[in-house]
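Since the model is a prediction, treat every value here as computed from it, not as a measurement.
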Amino acid sequence: MSSGKGGELIPSSSELDLDRPNIEDYLPSGSSIHEPLGKLRLCDLLDISPTLTEAAGAIVDDSFTRCFKSNPPEPWNWNVYLFPLWCCGVVIRYLILFPVRVIVLTVGWIIFLSCFIPVHLLLKGHDKLQKNMERALVELICSFFVASWTGVINYHGPRPSMRPKQVFVANHTSMIDFIILEQMSSFAVIMQKHPGWVGLLQSTILESVGCIWFNRTEAKDRETVTKKLREHSQGVDNNPLLIFPEGTCVNNQYSVMFKKGAFELGCTICPIAIKYNKIFVDAFWNSRKQSFTMHLLQLMTSWAVVCDVWYLEPQNLRPDETPIEFAERVRDIISVRAGLKKVPWDGYLKYSRPSPKHREQKQQSFAESVLRRLEEN
Amino acid sequence: MGNTSSMLTQYDIEEVQQHCNNAFSQQEIVSLYERFCQLDRNGGGFVSGEEFLSVPEFAVNPLSQRLLRMLDGLNFKEFVAFLSAFSPRATVQQKIEFIFKVYDSDGNGKVTFNDMLDVLHDLTGQFISEQQREVDLILEMPLFTDCKQVLTKVLEEAGYNKESLLVMSDFVKILGSSGLKMEVEVPVD
């Protein structure tokens, strides 16, 4: 990849070629530009209506933007009976629940820090003991976080065991996905490095569970990260890796394309599907609209965070499958379980333009049909 | 994005509806307004070229640059009028007028050979280039690989030539009988 002027990524066309399975499978069936129907006439050349229709269709509604739309719930408090009820709800949530939760969280942090700092500093020599204690403490603080939103989480399926050469993948809705999963079993996650207090947490506490950082905007980053992933997954004593192959937060109703990185490591993939119940709160973190702090505050002033987590059957790369096909197969499994609609777009299109390859394909098929029809008499 | 229809009064909706010659129903106009606000991320009252290009489905379209020239800086009323050619209620005449406007980039009411050549280039990219004849390895026959030659041949067969300046009535004659399908559905919640 090379960096553009504004520091944005300009993927080389060969790279995105590999990253993209058959996009034509997903586009609506009316999208072939011209069906060959005999000799080429002037009206065929001048009739650009199919292309224009596609463009107008994209202007009016497109599957990519839909993935990142936070749908506000239907307002139900417009009635003279329901409105006071809603007001009571607001009072309870902000003035009673929220302070209680803040206290719970503060207590949790105090306990955590008073155990973690000594363990981290004093047990430097005893690696195994230190690691186990730090893992247990991270699980503890995650439980406190979950309690601070009154998280009601239903786990389904057998809890993952700690085996080497095993990688977990899940769909991504918010950074709290990691907290919810970490609560049950210790994972090492791969995350975008964030600024602010989150970044501080990442570099201190999460280091202890073995997290890996990437930076979307850095050009050479991808190779370094792949190398780190491979090293980590081969290590026997490391926490199992948790990867969110979508690469970005999606609104829990759609799933965008999975990046193939996790599926090329030669490990068993254990899919995890996460589905939030929107009646209680919309857990989608729209990073363009809210900072993580605001997002957490929103969660802490809602009634509850209710979600289902399914640990699904581990999958392996089949002998006749490419990593991209494998990624798509796993995405299918997760999307079906969590009730998500699949879209054929790369999540990183949030930050960059699509590759010219897509447009070139359309141009090529149109050019070929024109030339073919020209030769007919 | 909040409750946007409260920013669009009934009077506004009727004004927009009139401006687009009733191509859209009031509900569709409200939906289009939500969409417009969604695209107009910086809230400037119009959707810039960059904001349109952030929709990947639009960015990969071969005619996106041409359409951007027509779309850039439009306010909501003009945006709806632009899309009115794609309404199922629009007449064939209106659709052909829209296509004519896409070709007639300088807006003087006449489409020249070069205008048509430009659109053909947009649609075929590098796959019909201005180069010497080549042999198509797949079809195994000599090809016209020149856009100019393709266009000239097809124009002459239809009774025009390279110097012809096509006007709206020519377009109606050429495209009117070919069963033009150019419709887009506005999603209404």
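Residues satisfying the salt bridge (charged side-chain N to carboxylate O under 4.0 Å, His left out) test with B/Asp72, not counting sequence neighbours, are none. Not a single side-chain hydrogen bond (donor to acceptor under 3.5 Å, both in side chains) links B/Lys101 to another residue, sequence neighbours left out.
For B/Gln27, the CD atom is loosely surrounded, since the number of other residues' heavy atoms within 6.0 Å does not exceed 12. Atom CD of B/Gln10 has more than 12 neighbouring heavy atoms from other residues, nucleotides or ligands inside a 6.0 Å radius.
Here the shortest heavy-atom pairing between A/Lys362 and B/Pro62 reads CD-CD, 4.0 Å. In terms of heavy atoms, A/Phe366 sits closest to B/Thr124 at CD2-CG2, 3.6 Å. When all heavy atoms of A/Asp62 and B/Arg35 are compared, the pair lying nearest together is OD1-NH2, 2.7 Å. Taking every heavy atom of both residues into account, A/Leu45 and B/Tyr103 meet most closely at O-OH, 3.5 Å. Taking every heavy atom of both residues into account, B/Pro187 and A/Asp61 meet most closely at CG-OD2, 3.8 Å. Of all non-hydrogen atoms in B/Asp122 and A/Gln363, the two that sit nearest each other are O-NE2, 2.8 Å.
No donor-acceptor pair under 3.5 Å is formed between the side chain of B/Glu57 and the backbone N or O of A/Ala55. Using modelled atom types, one side-chain atom of A/Arg359 and one backbone atom of B/Ala59 make a donor-acceptor pair closer than 3.5 Å.
Using a 4.5 Å cut-off between heavy atoms, B/Glu50 contacts chain A through both its backbone and its side chain. Using a 4.5 Å cut-off between heavy atoms, B/Leu120 touches chain A through its side chain atoms alone. Only the side chain of B/Leu71 comes within contact range of chain A, judged by heavy atoms closer than 4.5 Å. The part of B/Val102 that comes within reach of chain A is its side chain, from C-beta onward, which places non-hydrogen atoms under 4.5 angstrom from that chain. With a 4.5 Å cut-off on non-hydrogen atoms, B/Ser54 touches chain A through its backbone and its side chain both. For a residue to count as touching a neighbouring chain, one of its non-hydrogen atoms must lie under 4.5 Å from one of that chain's; by this rule B/Phe58 touches chain A with backbone and side chain alike. The part of B/Phe79 that comes within reach of chain A is its side chain, from C-beta onward, which places non-hydrogen atoms under 4.5 angstrom from that chain.
Comparing B/Lys95, B/Arg41, B/Glu185, B/Lys173 by heavy-atom pairs within less than 4.5 Å of chain A, the highest count is held by B/Arg41. Ranking A/Thr53, A/Val370, A/Val60 against chain B, the residue ahead of the rest is A/Val60, based on heavy-atom pairs under 4.5 Å. When A/Ala56, A/Ser63, A/Gly57 are compared by the number of non-hydrogen pairs under 4.5 Å with chain B, A/Ala56 comes out ahead.
Here CZ of B/Phe86 is found 5.0 Å from CG of A/Leu52. Values are rounded to the nearest 0.5 Å. The OG atom of A/Ser49 sits 4.5 Å away from atom CG of B/Leu180, with the distance rounded to the nearest 0.5 Å. For the atom pair CG of B/Leu175 and CG of A/Leu42, the computed distance is 8.0 Å after rounding to the nearest 0.5 Å.
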Inset, instruction - Would you please test B/Asn61 and A/His358 for side-chain contact (heavy atoms from CB on, under 4.5 Å) and show each step? - result: CA-CA 9 Å; B/Asn61 193 290; A/His358 298 250; over 6 Å; no
Legend entry - side-chain contact (heavy atoms from CB on, under 4.5 Å) between B/Met116 and A/Leu46, worked out: CA-CA 8 Å; B/Met116 290 187 275; A/Leu46 287 183; 3.6 Å; yes
Inset, instruction - Could you walk me through whether B/Leu53 and A/Arg353 pass the side-chain contact (heavy atoms from CB on, under 4.5 Å) test, one step at a time? - result: CA-CA 8 Å; B/Leu53 287 176; A/Arg353 297 268 167 272; 3.7 Å; yes
Inset, instruction - Evaluate side-chain contact (heavy atoms from CB on, under 4.5 Å) for A/Ile59 paired with B/Val55, printing each intermediate quantity in order. - result: CA-CA 8 Å; A/Ile59 294 175; B/Val55 176; over 6 Å; no
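Taking the charged nitrogens against the carboxylate oxygens, A/Asp47 and B/Lys181 have no contact shorter than 4.0 Å, which rules out a salt bridge.
Looking at B/Gln38 and A/Thr65, their side chains never bring a donor and an acceptor atom within 3.5 Å of each other.
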